[in-house]
2 protein chains.
Amino acid sequence: MIVDPSADDRLDRAFMALADPVRRRIIARLSRGPATVNELAEPFEITKQAVSKHIQVLEHAGLVTRTRDAQRRPVHLDAAGLEALTAWIDRYRLIHEQQFRNLDALLATDRGTNAAASDAGPTAGPEPEEPRS
Amino acid sequence: MIVDPSADDRLDRAFMALADPVRRRIIARLSRGPATVNELAEPFEITKQAVSKHIQVLEHAGLVTRTRDAQRRPVHLDAAGLEALTAWIDRYRLIHEQQFRNLDALLATDRGTNAAASDAGPTAGPEPEEPRS
DNA sequence: CGTTTAATCAACCATATAGTTGATCAAACA
DNA sequence: TGTTTGATCAACTATATGGTTGATTAAACG
């Protein structure tokens, strides 16, 4: 049993969880409000057990939570989990776009003097590697 | 050989591609500019072949592209691929938040008259299921 | 030409994942 | 108490994934 909720592992599980069309449809359904396993399983051709496993995967990834209501276990979307994903993607997407802006500025002042025009692409610069937080 | 770039399959591959810390670090590196396979492989303990496979996965997922420069094959980030992911996530995250705003509005006017307060959560309403586009 | 460099192809192994069927648990109800 | 309902547990199968080593392609260099 793994008890290491390192940031990397959480991202692993969250991206992996969404890499399945069934689980994405479950998220889509839950975005409109909580639902039970039976309700979630209804639109699919697979067994209820399989859907139950999918929900466990989503829960373990921090994308949904489960409460108790008698013998029912309603599943709720956890929007914070989804937001962590967009945060990760946007970080690098925006860095990439910033690099292009830098390149544009370079080309505007320094008219294609040397490299940069070939394939070096946006300025490589020194290592910011992991812009944590 | 699969030739079906259905929207679902593209999302499958893109999310799956990011569900691996090595590939996420590759994306992080590429956000600062293109790099060759050897450059990308350098920080990792695994073989160059393994990194090459990771890059193929990212390419097949539409997150990077490869060009040619003599015997080198520089890898470039494809920001559009990343954006498709944030678009998917944000869609359902925002629907979910809208539901909560609706619930807040309901509770503000209609003082906890009946259900809704238990576990029914945000308004379930009729089926918008897949808010395509 | 022969060799070095950059990268991929091919075959293989270990592990993880998605699905199944059948049994079990736990609360509600009669 | 006995049964129905909602959901999970357990064991098993097949397929996919991530990694390895070894061979191969392809361009540059001497």
Side-chain angles (χ1 to χ4, degrees), chain A residues 1-2 4 8-27 29-30 34-61 63-76 118-120, chain B residues 1-2 4 8-27 29-30 34-61 63-76 118-120:
Chain A
M1 196 193 231
I2 297 164
D4 171 24
D8 242 36
D9 280 6
R10 292 237 329 284
L11 280 176
D12 282 9
R13 286 196 281 266
F15 278 120
M16 177 65 107
L18 294 184
D20 183 294
V22 169
R23 288 193 291 258
R24 282 201 305 279
R25 284 179 61 192
I26 290 176
I27 291 290
R29 166 63 187 79
L30 291 177
T36 66
V37 175
N38 272 331
E39 288 165 357
L40 291 172
E42 195 271 319
F44 299 105
E45 300 272 294
I46 60 181
T47 63
K48 211 174 40 164
Q49 286 94 321
V51 172
S52 195
K53 281 194 192 176
H54 280 303
I55 292 167
Q56 287 181 56
V57 170
L58 289 168
E59 185 180 31
H60 201 217
L63 299 177
V64 308
T65 56
R66 275 187 286 189
T67 56
R68 261 234 117 112
D69 171 32
Q71 77 268 53
R72 236 156 273 117
R73 289 162 195 72
V75 184
H76 308 250
S118 66
D119 196 27
Chain B
M1 195 194 235
I2 298 164
D4 171 23
D8 243 34
D9 280 8
R10 290 237 329 285
L11 280 176
D12 280 10
R13 286 196 281 266
F15 278 119
M16 177 64 107
L18 293 184
D20 182 295
V22 169
R23 288 192 291 257
R24 283 201 305 278
R25 284 179 61 192
I26 289 176
I27 292 289
R29 166 63 187 80
L30 291 176
T36 66
V37 174
N38 272 331
E39 288 165 357
L40 292 172
E42 195 270 319
F44 298 105
E45 300 270 295
I46 60 180
T47 63
K48 211 174 39 163
Q49 286 95 321
V51 172
S52 194
K53 280 195 192 176
H54 280 303
I55 292 167
Q56 286 181 57
V57 170
L58 289 168
E59 185 180 30
H60 201 217
L63 299 177
V64 308
T65 56
R66 275 187 286 190
T67 55
R68 258 236 118 111
D69 171 32
Q71 76 268 52
R72 235 156 275 119
R73 290 162 195 72
V75 185
H76 307 250
S118 66
D119 196 28

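Letters go in sequence order (proteins before strands), and every chain restarts at 1. For the numbers below, each heavy atom of this structure counts, side chains included, while hydrogens, waters and symmetry mates do not.
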- request: With side-chain contact (heavy atoms from CB on, under 4.5 Å) as the test, would you mind laying out the steps for Phe44(B) and Ile26(B) before giving the verdict?
  value: CA-CA 10 Å; Phe44(B) 298 105; Ile26(B) 289 176; 4.1 Å; yes
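- The nearest whole Å value for the distance from the CZ atom in Arg73(B) to the P atom in dA26(D) is 9 Å.
- Put simply, chain A comes within 4.0 Å of DNA chain C, heavy atom to any atom, from dA18(C) to dA28(C), going 5' to 3'.
- Remark: Arg72(B) engages Asp69(B) in a salt bridge (charged side-chain N to carboxylate O under 4.0 Å, His left out) (not counting sequence neighbours).
- Smallest separation of non-hydrogen atoms from Leu63(A) and Ile27(A): CB-CD1, 4.3 Å.
- In this structure, the nucleotide among dG18(D), dT20(D), dG6(D) sitting nearest to the side chain of Asn38(A) is dG6(D).
- The distance from atom CZ of Arg23(B) to atom C1' of dG18(D) is 8 Å, rounded to the nearest whole Å.
- Between the side chain of Lys53(B) and the base of dG19(D), a donor-acceptor pair under 3.5 Å is found.
- By the salt bridge (charged side-chain N to carboxylate O under 4.0 Å, His left out) test, Asp12(A) is found to be paired with Arg24(B), residues two or more places apart in sequence or in another chain being considered.
- Counting to the nearest Å, the C1' atom of dT17(D) and the CZ atom of Arg13(B) are 15 Å from each other.
- The CG atom of Asp69(B) sits 17 Å away from the P atom of dA26(D) (whole-angstrom rounding).
- Contact record, Ala17(B) with Ala61(B): CB-CB, 3.9 Å, taken as the closest heavy-atom pair.
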task: Please lay out, stage by stage, how Leu30(A) and Leu40(A) fare under the test side-chain contact (heavy atoms from CB on, under 4.5 Å).
output: CA-CA 9 Å; Leu30(A) 291 177; Leu40(A) 291 172; 4.0 Å; yes
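- Sorted by first then second residue, the side-chain hydrogen bond (donor to acceptor under 3.5 Å, both in side chains) pairs that include residues 40-50 of chain A, not counting sequence neighbours, number zero.
- Taking atom CG of residue Asp12(A) and atom P of nucleotide dT17(D), one finds them 15 Å apart after rounding to whole Å.
- For Arg73(B), there are no side-chain hydrogen bond (donor to acceptor under 3.5 Å, both in side chains) partners, not counting sequence neighbours.
- The interatomic distance linking Lys48(B) (NZ) with dT25(D) (P) rounds to 16 Å, in whole Å.
- Contacts between residues 14-22 of chain A and DNA chain C, defined by a heavy-atom separation below 4.0 Å, involve Asp20(A), listed by number.
- Between the side chain of Arg23(B) and the backbone N or O of His54(B), no donor-acceptor pair lies under 3.5 Å.
- When heavy atoms are screened at a 4.0 angstrom cut-off, Gln49(A) is found touching base atoms of the nucleic acid.
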